[in-house]
Every structure is written in structure tokens, then in C-alpha cells.
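The analysis underlying the following values was restricted to heavy atoms, covering all of them including side chains, and did not include hydrogens, waters or symmetry mates.
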There are 2 protein chains.
Amino acid sequence: MNIKDVADRSGLPAKTIRYYEEIGLIRPLRGANGYRAFRESDLHKLAFLGRARGLGFTIEECRKLLALYEDRDRASADVKALAERHLQDMEVKIAELRAMQATLRDLVASCAGDQRPDCPILTGLASGKACH
Amino acid sequence: MNIKDVADRSGLPAKTIRYYEEIGLIRPLRGANGYRAFRESDLHKLAFLGRARGLGFTIEECRKLLALYEDRDRASADVKALAERHLQDMEVKIAELRAMQATLRDLVASCAGDQRPDCPILTGLASGKACH
DNA sequence: GGTAATCCTTCCAGTTACGGGAAGGTCAAG
DNA sequence: CTTGACCTTCCCGTAACTGGAAGGATTACC
């Protein structure tokens with residue numbers, strides 16, 4: 001398989017696939033013409049990576065997940081721990097976003113949003129009322 | 001005021017302040033020794049920027065907010081529109097995170113998390129069940 | 001057999017919003 | 001006069017790619 005085929009079948013851009021090889025996530029073979037020659041197992045890994053990335057895991061987390069996936073002697077507890085930590089990270093991020101939203105929503109609510117220049121959003125940002 | 005003073009009083013790292021000057025968000029004066037000489041108005045702007053960043057606005061959004069802040073003829077509607085778009089962006093991000101969380105939580109819930117290698121998280125990622 | 005389109009390759013640069021650290025000038029205190 | 005705390009600029013590194021240039025390979029078509 002050439003890179004276009006795996007790109008189409010995995011849903012990942014060719015650029016991304018090359019990048020994943022560069023950082024050592026996959027190691028496709030090479031043909032006599034220098035083209036990457038992907039096996040089914042490479043495609044499989046790429047699909048795995050695409051899904052892990054889709055769940056928000058970082059590349060380094062994906063690397064660990066892939067290592068665990070390939071390790072037949074892993075403990076599922078290790079995988080679960082990684083996933084739970086990621087769930088927590090996301091929880092934190094959501095909380096941060098929620099806090100920002102709450103503050104900004106208050107400011108927005110108090111702004112007339114008309115042609116006049118008076119704007120509580122700007123005065124809030126200027127005066128420090130933009131902190132909860 | 002030297003940079004350390006504004007850093008302490010604005011809560012922004014000196015590095016960040018230099019960066020903001022570099023990208024044209026502020027234009028402090030210079031003393032004969034080459035040191036930046038910050039006015040109260042610079043400090044004021046930096047505090048404004050720090051709060052806007054704290055609400056998650058990008059640098060470019062902060063630039064627009066600052067321009068609106070300095071424009072006595074602005075319409076508050078313009079500010080409000082910017083803020084509302086940002087609220088929407090955050091909403092989208094939260095929704096994405098929530099979706100990832102939901103999927104991952106299902107996988108985590110079905111994983112024993114013990115010393116055995118069988119792991120629904122990994123098989124889910126491998127098989128495509130990791131998509132809602 | 002020629003040529004054009006579509007592949008493929010590598011390499012370089014840019015993105016966001018800074019942070020780390022080096023090399024070197026300045027200033028206030030003791 | 002030296003020490004330590006400042007200050008300056010400059011360059012590299014971050015995460016995870018994306019875009020594009022320059023050039024080689026393959027395939028389709030006439």
C-alpha cells in the first residue's frame with residue numbers, strides 16, 4: 001500500500017502519517033523506488049492512533065497506549081490508569097472553560113450591544129471586575 | 001517603571017511583556033540606557049491584556065479588544081459580538097471535550113483494571129468502538 | 001514513444017503564546 | 001570596586017501538525 005491508500009483508509013492525512021513515522025510511532029517498509037510500503041499492521045496502528053487522538057490523548061500518551069497495545073503482558077490497570085488521568089485532565093480543562101464562560105457571560109449580559117460606546121465588557125476588563 | 005515592576009504589578013512574566021511589545025500590543029518608551037520605560041498607561045494595558053487572556057481570548061482577539069478599548073467612537077455592539085463569538089468557541093470546545101469524555105468513560109467503565117492483559121479500552125481503540 | 005496528471009520523496013518554514021537560557025551591558029549597595 | 005540584581009537581545013524549543021517548494025516515479029492516454 002502506498003501512502004495515499006492508507007491515508008484514505010485510515011482517515012489520516014498523508015502529512016500526518018509521514019509525521020508519525022518521523023517521530024517513531026510507525027515504521028513502514030520501503031520499496032525499491034523509495035516509496036513507503038505499508039502493511040495491514042501499519043494501517044491498523046494508524047487507525048488506532050487516529051482514534052486515540054480523536055479521544056484527545058496527546059502523542060506521547062498515544063505512544064504509551066500503542067506500546068501497551070503491543071505488549072501482550074501488559075496489565076489492564078496500566079491502561080486504565082492512563083485513561084483515567086486523561087479523563088481528569090479533560091475535567092480540569094472543562095472546569096477552566098466553564099469558569100471563563102461564567103465570567104464572560106456576566107459581562108456580556110450587562111452590555112447593551114448597541115451603537116453607543118459605553119461597554120461594561122471593556123470596563124470590566126480594564127478594572128479587574130473580569131475575575132471571579 | 002522598569003519591566004520587573006510592571007511584571008510584579010500586572011502579574012505577567014517579564015518575558016510575556018517583552019513578547020507583547022514585540023508583537024505590537026504595547027509600545028513602552030525607552031530610557032537612555034536602553035531599558036524599557038513603562039508608563040502607567042502601559043501597565044494599564046498590560047493588566048487589560050492579562051485579564052482578556054485569562055478569559056481565553058486569543059492574542060488577536062486581545063488586539064481587537066484593545067483597539068476597541070482605545071477607540072472612543074466604538075459601538076458596544078462590536079465588543080459584544082467579539083465576546084459572544086468567543087463564548088461560542090468555548091461552547092464548542094466544551095462539547096468536544098464532553099463527547100470525548102463520554103466515549104472514554106464508557107471504555108474505562110468496562111475495563112477491569114487489574115493485572116490481566118485483557119483491556120476493552122485497547123480493543124475499543126483498535127476496533128473502532130471508540131467512536132460515538 | 002511522448003507527455004500530462006497524479007502520485008511519491010525530502011526539506012524548510014509557519015502556526016500559538018510564550019519559556020529557557022546564553023552572552024553581555026547597567027545599576028545600586030556595601 | 002566588586003557583587004548581585006537588574007536589564008538587553010538573540011536563538012532554540014514547545015505540540016502536532018500544515019503548506020509549499022523542488023524534484024523523482026508511475027500511470028493513463030493518444
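Counting any heavy atom pair closer than 4.0 Å across all strands shown, B/Ile23 reaches no nucleic acid atom. Looking at heavy-atom distances under 4.0 Å, B/Lys4 makes contact with sugar-phosphate atoms alone, never a base. Residue A/Phe57 is out of contact with every strand shown, counting any heavy-atom pair closer than 4.0 Å.
Exactly one of B/Arg36, B/Lys15, B/Arg27 qualifies for a salt bridge (Lys or Arg N to Asp or Glu O under 4.0 Å) with B/Glu21. That residue is B/Arg36.
In this model, the phosphate group of D/dC6 is not approached by any side-chain N or O of B/Arg36 to a distance below 4.0 Å at OP1 or OP2. Neither OP1 nor OP2 of C/dC27 sits under 4.0 Å from any side-chain N or O of B/Tyr35. Distances shown here put every side-chain N or O of B/Tyr19 at or beyond 4.0 Å from the OP1 or OP2 atom of C/dT16. A sub-4.0 Å separation between OP1 or OP2 of D/dT8 and a side-chain N or O of B/Asn33 is absent. Dashed line: the shortest gap from a side-chain N or O of A/Arg18 to OP1 or OP2 of C/dT9 is under 4.0 Å. Residue B/Arg53 places at least one side-chain N or O closer than 4.0 Å to OP1 or OP2 of C/dC18.
Rounded to whole Å, the distance from NZ on A/Lys15 to P on C/dC8 is 13 Å. Look at CZ on B/Arg63: it is 15 Å from C1' on C/dC18, rounded to the nearest Å. Nucleotide C/dC18 holds its P atom 9 Å from the CG atom of B/Leu25, rounded to whole Å.
Every residue two or more places apart in sequence or in another chain was checked for a side chain to side chain donor-acceptor pair (under 3.5 Å) with A/Ser10, and none qualifies.
A salt bridge is defined here as a Lys NZ or Arg NE, NH1 or NH2 lying under 4.0 Å from an Asp or Glu carboxylate O, and B/Glu40 with B/Arg9 meets this definition.
Each of A/Thr16 and B/Asn2 lies near DNA chain D, and the nucleotide nearest B/Asn2 is the one positioned closer to the 5' end.
In summary, the side chains of B/Gln88 and B/Arg85 do not present any donor paired with an acceptor at a separation below 3.5 Å, with no hydrogens or angles considered.
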